[in-house]
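Comments concern the structure below.
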Amino acid sequence: MKQLIKVISSSRSGKVSLVILSLFAGLALFADVIANDQAIVAKTSEGIVFPMWSGQHDHAYLWSIEPFIKYRPSTLGQALSPYHSPTVSGPRRHFMGTDHIGRDVAAGVVHGSRWALLIGIGSILITVIIGLFFGILSGYFGDASISVSWPLLLLWCLLQVVFGFYLVYGGFSLMVSLLLGFSGFLISFWLLCVKLTRAFALQGWMESSFVFVPLDLIVQRLHELWKAVPVLFILLAILALIARPTVWTLILTIALLSWPSISRLVRAELLKIREMNYVRAASIGGLAQLTIILKYALPNAIAPLFVLVSFGISGAIVVESTLSFLGIGLSADQVTWGSLMGASRTNYRAWWLAVFPGVCIFLLVFAFNTIGERLRHHYGRML
Amino acid sequence: MLRYIIIRLLLILPTLFIICAISFFLFQLSGSDPVDGLLSVRGLRSSDERSIDYEQEYRAAASELGTDQPLFYISLVPHYYPDTLHRISFPKEAELARDLLQEYREWDKIQAYMLALRAFTREVAQSGVSALYDAYHGIIKASELSAANRDVSLAVRSRPELVLSHAAVLEAQHAMTYVPAQSWFYPSIRLHGYKNQFHQWVSSLLRGDFGRSMIDGRPITTKIIKALNWSIALGLIAVIMSSFIALPFGFYAAYYHGSLFDRFGFLLLYVIYSIPVFWMATMLIVFFTSDDFGRWTDIFPGVGTFYDGRSQGVLGQMWTNLEKLVLPLFCLVIHSLAYMGRQMRSSVLNEKDQAYYKTAISKGLTQFAAMRRHVLPNSLLPIFTIIIARIPAAIAGSLVIEVIFNIPGMGRLLYTSIYSDDWNTISAILIIISLSTMIIYLIGDLIYQKIDPRIKYKLR
């Protein structure tokens, strides 16, 4: 981590993007304090109170420290019309104007940094986990290292089907269905472990019935499938299926649709690393496969991974804001940068709706792109 | 060569089949009812007062569309389910049947009850007592039946002509209710043969028939072909225009590597690359389509609808609406330009590091000649794949642009279909867009093989 920051901050553009990032992280962390419709600290006749946490007080304030922006993203502006221009000054001024129903844009921008960072980083985390899993399966294990006994595989598939059947038609109580599903999971786990660890040596008829699982082939076919379908199109279709998408379903959907970019890279790196002598030595030395992967193989594939991660974050932020801009992603009461900008589509004269959230998206995307670019430059690869 | 093309085309088939299956089941999961859509196109709504007519029309339309057939070749149901449950096409009736089955198990008696109920409601509808009709209508739970029975029995007393058929309903219900209770069941497999919805859907796809839109009843195929023409035309124009600017830029930037032109141009492209395309479009519309910000800013026409014009064909229509296409094309071109220019520059720089360049210089070629004759052809090869990969990306990436500028392309079609829940069209769009993506990649590979003789594709 320290080395990463050192690499990034070794150039001016990297430093700038780190500053931008920490600025937005600060905005996201202290969003409640920066933009709130209650005072932070106030003095009433009964003593000092904290209205931001304890709620509105009846007594008049003798003095108070107000937050910088006196609105919350959800509160409607006081007696102000929608599309209120920021150039109009007043006692409770809207620094960045108001949107189509009179909500303060500045508060929305401050709180929107939370959603942007959460969606960007959250989705890339899940993407990396799924991508690593499939990348390791296809790159490290390949077509000819994991084998299962096919009668057991058949049994397991049957069990899963029966389990799914009872889940759909509600035959047993929840407990029994969970138990059935869990046993299926255990068996599948065991099947995977059969050749991984020598402890589960099988005897007799089962030994002759082993077949290799073409993991690499399966994952490659998934990559091909992924390449054929434009991600934004299928994302729109899936989100249209979900009745009320939340931030978490959005994160999960983005991750489920973007893991092949990671697993392709991990596969390519591991294919090279697998043939290296030190990995072979570790394998002959009798180390467990998991140890070899985690301690020897993966650390050498991690540098190009960081490049993809930072580009992935900026990609996820763009996708999310595009969806909110189109009004398809999150529900309408969730104020994000994209949805604020989407409000400008009904009134193109409200320039502030296009400018301020857009600048934020641009800056954040720019920062993550720059970091990715710096890392790529440092590790000297054409990815 | 021919063999390679044929095998590649065959390899597309399994992927395409999976995409078809995925979009079919997305369509089923969406819960939207194509029969309802068909009826509303014909001017019938489910809230019509004469609902008994609606139910009959619904059944007729369902058998016309084939939704009264089983979903798939095979199904896994509890053992007491009948083989023919799928024939009940009216959704509320089917739901009631399933609930009754779970409660009472014996299909013969349930069927008798439901037939009696149907006969009774028909009689009620003919007699015109709307209060009576409402009592049974819309019940989907077995537990709600007894309350409805009580209401109807009271109301029927004043209508002697209905008493007999209501008694038949009650009798059938009695027979159905008094069966020994069973709580356990086991799965049983039902084979339905090829007469099922999935088979029908896929075979009509193979004939190029995507059915009709649930919203306006127009055939989806013509809708999609029109939209696809727009999208491909836009994507191709954007990619060609941007490569005409990006490739020379990348070449000269690498030629004058480290100069002011190189550094400034690179920075500019880099910044543009980080601008989300929808923000660029919105900003251009906000600031350059009206004279709010000074007289000179009213440069481009505002966002409006496209005239169909008299001309047939997409290019003709594009020509008619040329001035409205300036802004969207500008956004698309700028966006691909930023990406391609940077790739070209780094590709040329990469080739410039190779030993053959130094050899060419040392044998006495000028720098420009060495770059043009030796570096340029080699650096164009990786760029070619990027350009080809850019075409599907431009088609898909123009989704937002199409929505913002009201261009009738694929993206806008998908957007409007999603907003109107037209799942017939959505699944068709997914299939067509992935098919065209795969074909573009195939064409790209073939051309690549032609221009670079070193590459011989081997099939796994």
Side-chain angles (χ1 to χ4, degrees), chain A residues 13 161-162 164-166 168-172 217 220-221 224-225 227-234 236-241 243 314 317-319 321-322 325-328 337-338 341-342 344-345 348-355 357-359 361-370 373 382, chain B residues 11-12 14-16 18-19 22-23 26 29-30 76-78 102 184-187 270-271 273-279 282-283 285-287 289-290 292-293 302-303 346-347 350 382 392-393 395-397 399-400 403-404 410-411 414-415 418-419 421 426-427 429-430 433-435 437-438 441:
Chain A
S13 61
V161 169
V162 171
F165 167 79
Y166 279 112
V168 168
Y169 289 98
F172 293 119
L217 198 73
Q220 293 266 64
R221 285 288 103 87
E224 251 163 52
L225 197 65
K227 214 174 128 193
V229 192
V231 170
L232 197 59
F233 275 63
I234 195 112
L236 280 178
I238 290 178
L239 285 177
L241 266 185
S314 64
I317 291 170
V318 169
V319 163
S321 51
T322 306
F325 176 78
L326 294 175
I328 283 180
W337 293 341
M341 213 195 293
S344 77
R345 277 176 64 211
Y348 281 119
R349 297 193 161 216
W351 54 268
W352 55 92
L353 281 175
V355 172
V359 167
I361 298 173
F362 165 69
L363 283 179
L364 204 52
V365 168
F366 178 78
F368 278 115
N369 277 352
T370 309
E373 211 52 57
M382 281 264 293
Chain B
L11 275 177
I12 285 180
T15 317
L16 195 64
I18 292 174
I19 288 169
I22 289 175
S23 48
L26 277 183
L29 268 178
S30 72
L76 195 70
V77 290
Q102 203 187 347
W184 65 280
F185 61 92
Y186 52 88
Y270 186 69
V271 169
Y273 179 66
S274 294
I275 297 179
V277 65
F278 65 97
W279 185 45
T282 314
M283 291 293 274
I285 292 174
V286 167
F287 287 106
T289 59
S290 68
D292 284 0
F293 305 97
V303 178
S346 65
S347 167
N350 196 34
I395 293 173
L399 191 147
V400 195
V403 173
I404 293 176
M410 286 297 258
L414 179 75
Y415 181 75
I418 281 177
Y419 260 87
D421 248 354
I426 295 174
S427 50
I429 288 173
L430 288 183
I433 202 103
S434 24
L435 181 65
T437 307
M438 284 187 284
Y441 277 130

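Model, not experiment: these values are computed from the prediction.
- Contact annotation for T322(A): both backbone and side-chain heavy atoms come within less than 4.5 Å of a heavy atom of chain B.
- Considering all non-hydrogen atoms of both residues, Y419(B) and L326(A) come closest at OH-O, 3.7 Å.
- Nearest heavy atom pair, residue L414(B) against residue F233(A), reads CD2-CD2, 3.6 Å.
- Contacts of Y273(B) classified as side-chain hydrogen bond (donor to acceptor under 3.5 Å, both in side chains), with partners at least two apart in sequence or in another chain: none.
- Of the two parts of V161(A), the backbone and the side chain both hold a non-hydrogen atom closer than 4.5 Å to a non-hydrogen atom of chain B.
- Residue contact with chain A, scored on non-hydrogen atoms closer than 4.5 Å, is absent for L16(B).
- Of all the listed residues (G358(A), A350(A), P230(A)), the one sharing the greatest number of non-hydrogen pairs under 4.5 Å with chain B is G358(A).
- In this structure, chain A has a heavy atom under 4.5 Å from the side chain of I426(B), while its backbone stays farther away.
- Most heavy-atom pairs under 4.5 Å with chain A, from the set S30(B), P276(B), P78(B): that is P78(B).
- The line from CZ of R345(A) to CD1 of I404(B) is 6.5 Å long, rounded to the nearest 0.5 Å.
- Neither the backbone nor the side chain of S13(A) comes within contact range of chain B; no heavy atoms are under 4.5 Å apart.
- Contact of L26(B) with chain A is made through backbone and side chain together, with heavy-atom distances under 4.5 Å.
- Scanning both residues, A228(A) and M438(B), for their nearest heavy atoms gives CB-CG, 3.5 Å.
- Listed by chain and number, the residues in a ring-ring contact (aromatic ring centres under 6.0 Å, His included) with Y186(B) are H79(B), W184(B) (sequence neighbours excluded).
- When heavy atoms are compared at a cutoff of 4.5 Å, S321(A) approaches chain B by way of both its backbone and its side chain.
- V403(B) has its side chain out of reach of F325(A): every pair of non-hydrogen atoms, C-beta onward, lies at least 4.5 Å apart.
- With chain B as the partner, the residue from T370(A), I361(A), L353(A) showing the most heavy-atom pairs under 4.5 Å is T370(A).
- Listed for the Y270(B) side chain is a donor-acceptor partner under 3.5 Å among the backbone atoms of N369(A).
- Heavy atoms of L430(B) lying under 4.5 Å from chain A belong exclusively to its side chain.
- Ranked by heavy-atom pairs under 4.5 Å with chain A, the list V77(B), I429(B), T282(B), T15(B) is led by V77(B).
- In terms of heavy-atom proximity, A240(A) sits nearest to I418(B) at CB-CG2, 3.6 Å.
- S274(B) contributes atom OG, which lies 10.5 Å from atom CG of L364(A) (distance to the nearest 0.5 angstrom).
- At least one side-chain heavy atom of F366(A) sits less than 4.5 Å from a side-chain heavy atom of V271(B).
- Remark: I234(A) CD1 to I433(B) CD1 distance equals 11.5 Å, nearest 0.5 Å.
- Summarising the geometry of W279(B) relative to V359(A), their closest heavy-atom pair is CZ2-N, 3.5 Å, with the distance given to 0.1 Å.
- Nearest heavy atom pair, residue F278(B) against residue V318(A), reads CE2-O, 4.2 Å.
- Ring geometry for W351(A) versus F287(B): interplanar angle of 30 to 60°, hence tilted.
- Rounding to the nearest 0.5 Å places CD of E224(A) at 7.0 Å from CG of L11(B).
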